[in-house]
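This report refers to the structure that appears directly beneath it.
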Amino acid sequence: MVSQQPQLTQQPQLTQAATASATNPPTTQTSSGKTNSTNGSYNASDIVTLEGLEAVRMRPGMYIGGTGSDGLMHLLWELIDNGVDEASAGFATRIQVTLHADGSVEVGDNGRGIPVDKHPTKKVSALEVVLTELHSGGKFGGQAYGASGGLHGVGASVVNALSTRLRAEVDRDGATWQLWFSKRAAGQFQGDRFAKGHKLQRLRSTRKTGTRIRYWPDIDLFDDDAQLSFETIRTRAQQACFLVPGLRIKLEDKRRGATNEPVELVSHGGLTDLLAHLSDAEAVTEVISIPGEETFTEKVSVDGTMTTVERLCQIDIALRWVKGFGTEVMSFVNNIPTPHGGTHVGGFERALTRAVNDSLLADSKKLAKLAKQGQDRAQREDVQEGLLAAIKVTLPEPQFRGQTKQELGTPAVQSIVYNVLKDGLESWFQTGPKSHMTALQSKIVDAVVNRVSARQTLENKRRAASLGSTGMPDKLADCRVHGPDSELILVEGDSAAGPAKAGRNAENMAILPLRGKVVNAAKSSVKQVLDNAEAQALFTAMGAGSGDDFNLDKARYGRIVILCDADVDGSHIRCLLLTLIHRFMCPMLTDGRVFAAQPPLYTAKVGDKTHRAFSDTERDTITQQLTKGNRKAENIRWSRFKGLGEMDTNELAECALDPETRTLRQLTLDDAKAAEEMFETLMGADVGRRKDFLISHSDLVDKGALDY
């Protein structure tokens, strides 16, 4: 909090009606006829009118945004902005800001000086009117200022309202004039005694012009930790210099204990200097300067009547892209920063995105693939990646949203900024340096591709993590008990699903039929795997997620049993499933929870015993063993199963489902890696690798069986 000399205090001034209300509290009559002072009555005597500047003191947040450091700083901004308005109008070249040791703040400029002659209706000096009347000043109607930041006319008067003392000195009309205010009342100090009065004191003769206002903030109205930041003042002053090229602003900090050196700021390059100041990162493009102007109409009150008037809106935009990902877009209205943006920023963002999409990215080959998916259009965040920009809008009587002027609300400005920027950018895309445009196109294209890829990855992760939590697949024949002793049997085809469901132990065996061949997880993207219906069904049934999110502890079944035909197609499907499990459910393999059922290719019943053969060679070997006696080979009737669907319920149960009679082979991580490697060799993109394999293993092929 700023230090300050002892304060003078004053209670709010009330009107006669309000005074009567305070002296004679409202009363109500009880049922017994007696009267009591209560808050229940509401009549004319309860209406309180705050005179002069007391409304500001009662609700300072309405005028300066709060009573913390931001509010305290806002008092200073109001006075600095007045000087900037003078400079912008071409009447001032210097502004001096001094933080004094006694807690006061002084702002001076060498502009025209606030008028000191008598106001035609108030019968006091115009200087006193400006400092005591809300909504007064030279910024209404466009006579003294074509465009200004202090539109509302409450700036200087609010500073006076929230100060214990204020001194105004004006160089004008050949002399330096002085007027003091104590507790918002005008007058002069004679030593330590303050005498009220409206007469200005003539201090000396001068040919200079300008205004100096020194004020002592009323610390009782502000938070205990409210304080003025020299660095914040420096930043705001530097911005003002960028916005008004040639303006010099000097800052001095004379507060006790302060170590800040005096600073003098000036800029001759305007918004171009501002962009250079914002970042020292390596540039992708040159600074693109786009000026323009348009007129618009709006209805305003003129002599009490709503009248349509024509306004001129001037636009000045500077932007460049740099390497990196941050975005810095600064906006100003009549040299006032608008950190919350507004209609001018809305028009800027729309035009920027549209121009880039329509002109810069129209012929990008890198986006051709995304165009097929309808995802080739750049979005706001893509276009603004690494963007530095400054938007300056100048217009008469802008409509701000709130007294603190942090957001522009004038609707017409949005379309004006849009038109100026879109036309200017499209022109630069056609005539600007080719190398700069190529670099910018590449930067934005990469941003689009990375965004789409990142979003797809996130969606895939969410989708993968959610699999198993949205209900079981319709084709799953679930078991009654889940856990370590249960198993999920993956059956090839619907024809085998019927016998498998009938022959299983429904207590702990679940059947999941797979239609068609499962996606090749070794060659497919995560999205392609998750889009595959059979893979989705497997992940959902297991209920433990997939990929990096697979959680073995959440698995609904203790093991997976792959049950496929004993032919080449069956082996192919088994390898596909093993590759899928390896890529997306690897903990099941590492923990030894994946098995392959071994259904026979041939069966033969001799006497009361059933013999099974899993290959032609094994069939012949068994036949030789059975014919060592008097039995003839032609009497052994071998049945060949072309598929599991050809087995009846008892046959399938005996050879693949009954733990006492079936044969299971535990599949390991090495099996999965071998399967994946074989898939990469035989079905991958490396043709040379596949050719070498076929040549080296050609002796395994029966050339006589080949169909030429």
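Along the sequence shown, the residues carry numbers beginning at 1.
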Show the numbers, then the answer: is there a side-chain hydrogen bond (donor to acceptor under 3.5 Å, both in side chains) between H340 and E407?
-> CA-CA 5 Å; H340 295 170; E407 182 178 4; 5.0 Å; no

Go through the steps for N110 and T93 under the test side-chain hydrogen bond (donor to acceptor under 3.5 Å, both in side chains), then give the verdict.
-> CA-CA 7 Å; N110 65 340; T93 59; 2.9 Å; yes

Could you walk me through whether R377 and D358 pass salt bridge (charged side-chain N to carboxylate O under 4.0 Å, His left out), step by step?
-> CA-CA 9 Å; R377 300 285 287 182; D358 291 353; 3.5 Å; yes

Could you walk me through whether T308 and T297 pass side-chain hydrogen bond (donor to acceptor under 3.5 Å, both in side chains), step by step?
-> CA-CA 6 Å; T308 299; T297 59; over 6 Å; no

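Between the side chains of E294 and Q314, not a single donor N or O lies within less than 3.5 Å of an accepting N or O. Counting only N and O atoms by type, the side chains of E286 and W321 include no donor and acceptor under 3.5 Å apart. D273 and S267 are linked by a side-chain donor-acceptor pair at a separation below 3.5 angstrom, with hydrogens and angles left out of the test. Side chains of T98 and Q96: a donor-acceptor N/O pair is present below 3.5 angstrom, by distance only. For the residue pair H344 and T410, no side-chain donor N or O sits within less than 3.5 Å of a side-chain acceptor on the partner.
With D382 contributing its side chain and Q379 its backbone, the two residues share a donor-acceptor pair below 3.5 Å. For the pair T431 (side chain) and S427 (backbone), a donor-acceptor distance under 3.5 Å is present. Between the side chain of N334 and the backbone N or O of L395, at least one donor-acceptor pair lies under 3.5 Å. No donor-acceptor pair under 3.5 Å is formed between the side chain of T295 and the backbone N or O of L312. Looking at D223, its side chain never comes within 3.5 Å of a backbone N or O of D225 through a donor-acceptor pair. The closest donor-acceptor contact from the side chain of T327 to the backbone of Q384 lies under 3.5 Å. Put simply, the side chain of T235 gets close to the backbone of E231: a donor and an acceptor are under 3.5 Å apart.
Between F550 and F584, the ring centre distance reaches or exceeds 6.0 Å.
Note on D81 versus R236: salt bridge recorded, some NZ/NE/NH1/NH2 to OD/OE distance being below 4.0 Å. A salt bridge links E282 with K323; the closest basic N to acidic carboxylate O contact falls under 4.0 Å.
Seen from the ring of F91, R112 counts as a face-on cation partner, given the 6.0 Å and 45° thresholds.
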